[in-house]
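Before I ask anything, here is the structure I am working with.
Because only heavy atoms are used, hydrogens play no part in the values below, and waters and symmetry mates are left out as well, while side chains stay in. Note that ligands are numbered from 1 as they come in the structure, with each ligand's atoms numbered from 1 the same way. All figures in this text were calculated on a predicted structure; none of them were measured in a lab. Sequence positions, counted from 1, serve as the residue numbers for this chain.
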Amino acid sequence: MERSDGVWKMEKERDKVVVLDFGGQYSHLIVRRCRELGVYAELLPYDYPADELREGIERERGHGKICGIIFSGSPFSVLDDNAPKCASDVLDFGVPVLGICYGAQLIAHLNGGRVRRGEKKEFGSADFFFKKEERLFRGISDDGEQIGKTRVWMSHEDVIEDLGGNGEVIGWTENTPVAAFRIGSNYGVQFHPEVHHTERGKDMLRNFLEICGCERNWRIDEDFVSERVYEIRSVVGSDGKAVCALSGGVDSFTTAVLLHRAIGDRLTCIFIDNGLLRDGEREEVLESLRNTGMKYVFVDASQRFLDALRGVRDAEEKRRIIGKIFIDVFEEEARKIGADFLAQGTIYPDRIESARAGASGGRASRIKSHHNVGALPERLRMKLIEPLRDLYKDEVRKLAKTVGIPDKILRRHPFPGPGLAARIIGEVNAEKLRICRAASAIVEEELRKSGWYERVWQAFAVVGDDMATGVLGDARKEGRIVIVRVVSSEEAMTADFVRLPYEILEKMSRRITNEVEGVTWVAYAISSKPPSTIEPC
Ligand code: XMP
């Protein structure tokens, strides 16, 4: 297992498909779809060194071979001066390449073809006609005709006019004469097979993986757990000690359980109550810790956090303070234990997104400074272990289930490091914390009762300083406004508000105004991300 140092590197042991990332919004989704089809896939930057790719392609099967390459979409046009491009010889490396959207245009461009700006953008669903004899479309339509038809999702402006040498058009739509093509064993599709709106997109990806000869052996099961446990043992050695910051979320808990399996009591979990936890969370985490038999230290530092947050209104300043105190408290405890390793539940999108931000030379603007213990290993001279570093959230959940993490933790919605402070606009104080905590608990409870909890990404209440008039009996009463936020999301990068039935919203509102002292109004947040974020601070 490598140390993560912000450098975006290829994993070397598993056979894989590589997705070259040209900055498209669906790049992660392509990787996830391949993995769902049982093939290990990785996202690499578009300018990943060609000789390393070639070296990966030349490996034997079963020894980290690259079996196929997919070019992602991109916000750029191949006609732009600064368009991201990979070396053209990638197309001749001898493994099949599939280009998606921009990726398809790039293949045509690199093959000596011609791409031009379209008169208008094509966005949305379209009827796609294709040659059924092509392997990419095998099994997608089984009537007797030679030309098949299915719905696909388009999102492009440029059009491919000419494919260059050897190219053959294998699919088209009314507006796009070259919607799919083959050049030797390389393919291009102008639409997005990775999104659900493309009805048979997953089948097309499965066909491509078959063309690549990929073995479908990517599974999160007991063998995977044994592999990770073995790796952790070999990294930590026979007498190394590790600490793990446990937040109670599924990532940190799964990390801790893997470490515990590998090194037993040489792992100490550190659980810090920052005073910003959800209702009942402290007790639940402590109970789960006791049940799993892991060694742990519990620190109630809530007063220290709340004192430091007094009078602070700025969202980023609050995050900075919480992050700093967290590191201070953690450091004090870790020093007492004297560990050599820090185990952290970093997952694949976190790691790639920081590397992507780094790859933009710091040009990507920082929306929120994320709370983590990133600076700690240097300060404490500890080495970092990140056993989940290659996994997506749904894969972590599978792993968590395999190692027997309690259902309560497994099914909990993601919760930010700065805790309820991310849901309190303005100063964090005892009054607003009480309201946010109690109202969030009601939101969660009503979703659980109605069967919606597991269908949404996150659900909670937000509170700020605005007051609104209400009536209590016959008297006027000033109280706070609570905003209920329930979103669906793909890995938190985009989010949409959930169209909850009015009866559920009404029940939440009634209970919040009746049961949470000091609230007179309840509103429902209907903005999406972007332009909003999921949590307001
Ligand atoms: P936003 O609110 O920025 O959040 O749309 C995206 C997702 O990330 C979670 N979040 C965090 N997670 N440390 C974390 O580990 C943080 O500092 C942090 N801030 C936000 C948030 O809950 C949502 O799921």
> Quick one: which ligand 1 atoms are inside 4.0 Å of a heavy atom on Pro418?
Replying inline: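 Result: 16 (C), 17 (O).
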> Short list, please: which atoms of ligand 1 are under 4.0 Å from a heavy atom of Trp457?
Replying inline: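 Answer for ligand 1: 24 (O).
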> Looking only at N/O atoms, are Ile534 and ligand 1 under 3.5 Å apart anywhere?
Replying inline: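 Yes; at least one N/O pair falls below 3.5 Å.
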> In ligand 1, which numbered atoms sit nearer than 4.0 Å to a non-hydrogen atom of Thr533?
Replying inline: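 That gives atoms 1 (P), 2 (O), 3 (O), 5 (O) of ligand 1.
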>> Going by side-chain hydrogen bond (donor to acceptor under 3.5 Å, both in side chains), name the residues that satisfy it together with Arg320, two or more places apart in sequence or in a different chain.
In response: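 Partners of Arg320 under the side-chain hydrogen bond (donor to acceptor under 3.5 Å, both in side chains) test: Glu317.
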> Is the distance between the ring centroids of Phe191 and His156 less than 6.0 Å?
Replying inline: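 Aromatic pair excluded; centres sit 6.0 Å or further apart.
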>> Need the ligand 1 atom indices (1-based, order shown) with element for anything under 4.0 Å from a heavy-atom of Lys529.
In response: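 Answer, ordered by atom number: 1 (P), 3 (O), 5 (O), 6 (C).
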>> Does this structure show an ion pair linking Arg33 with Glu194, if we count only N-O contacts that are shorter than 4.0 Å?
In response: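 Answer for the salt bridge query: no.
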>> I'd like to know if the side chain of Tyr348 reaches the main chain of Leu43, judged simply by a donor and an acceptor atom lying under 3.5 Å from each other, with no hydrogens or angles considered.
In response: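 Yes.
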> With sequence neighbours excluded, what pairs up with Arg499 under the side-chain hydrogen bond (donor to acceptor under 3.5 Å, both in side chains) test?
Replying inline: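 For Arg499 the side-chain hydrogen bond (donor to acceptor under 3.5 Å, both in side chains) partners, ignoring immediate neighbours, are Asp496.
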> Can you find a non-hydrogen atom of His413 under 4.0 Å from ligand 1?
Replying inline: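 No, His413 has no heavy atom closer than 4.0 Å to ligand 1.
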